[in-house]
Colleague: 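Have a look at this one before I ask anything.
In this text, all values refer to a predicted model and were calculated from it rather than measured experimentally.
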Amino acid sequence: MRVLIEVVHIAIGLIAATLISAAAAWSYPRATDDIWLVGYACMIAVIAMGVGPVRKAFAEDRARLAGGTEPRADG
């Protein structure tokens, strides 16, 4: 379940980057190529920053399915 949540967060970040890039490219047509270049770089950054949390969530889900207990909230 945690993996799904992390993947949804990445998808939302990609959608946001796409919408912002599209709006910026629409508002300033002379720099459309440059705007999309930066937008693609941001999308790559969103994916790269999401890899760590997805790996951590995968490990936690795998441990839970293997019979481990949930970590306590108080430490």
Side-chain angles (χ1 to χ4, degrees):
M1 185 65 177
R2 290 178 179 99
V3 174
L4 178 63
I5 292 170
E6 293 298 334
V7 171
V8 168
H9 282 137
I10 292 172
I12 290 170
L14 293 174
I15 291 168
T18 302
L19 292 176
I20 291 169
S21 297
W26 172 81
S27 69
Y28 194 65
R30 289 175 31 183
T32 298
D33 293 335
D34 295 330
I35 290 169
W36 278 109
L37 178 64
V38 172
Y40 293 139
C42 290
M43 291 178 208
I44 291 169
V46 166
I47 293 170
M49 289 187 292
V51 169
V54 168
R55 290 179 67 204
K56 182 179 177 184
F58 181 74
E60 289 175 0
D61 282 348
R62 186 174 31 170
R64 183 172 180 219
L65 289 175
T69 60
E70 286 285 324
R72 292 179 39 168
D74 62 352

Colleague: If you measure from CE on M49 to NE2 on H9, what distance do you get to the nearest 0.5 Å?
Modeller: 13.0 Å
Colleague: I need the minimum non-hydrogen distance between D61 and M1, along with the two atoms involved.
Modeller: OD2-N, 3.1 Å
Colleague: Just distance, no hydrogens or angles: give the donor-acceptor pairs under 3.5 Å from side chains in residues 10-22, sequence neighbours left out.
Modeller:
{"unit_1": "T18", "atom_1": "OG1", "unit_2": "L14", "atom_2": "O", "d": "2.8"}
{"unit_1": "S21", "atom_1": "OG", "unit_2": "A17", "atom_2": "O", "d": "2.9"}

Colleague: So, do M43 and Y40 sit near enough that their side-chain heavy atoms are less than 4.5 Å apart?
Modeller: yes
Colleague: Is there a continuous path of hydrophobic side-chain contacts, each under 4.5 Å between heavy atoms, that joins W36 to V46?
Modeller: yes
Colleague: How many angstroms lie between atom NZ of K56 and atom CZ of R2, to the nearest 0.5 angstrom?
Modeller: 9.5 Å
Colleague: Among all residues two or more places apart in sequence or in another chain, which pass the ring pair (Phe, Tyr, Trp, His ring centres under 6.0 Å) test with Y28?
Modeller: none
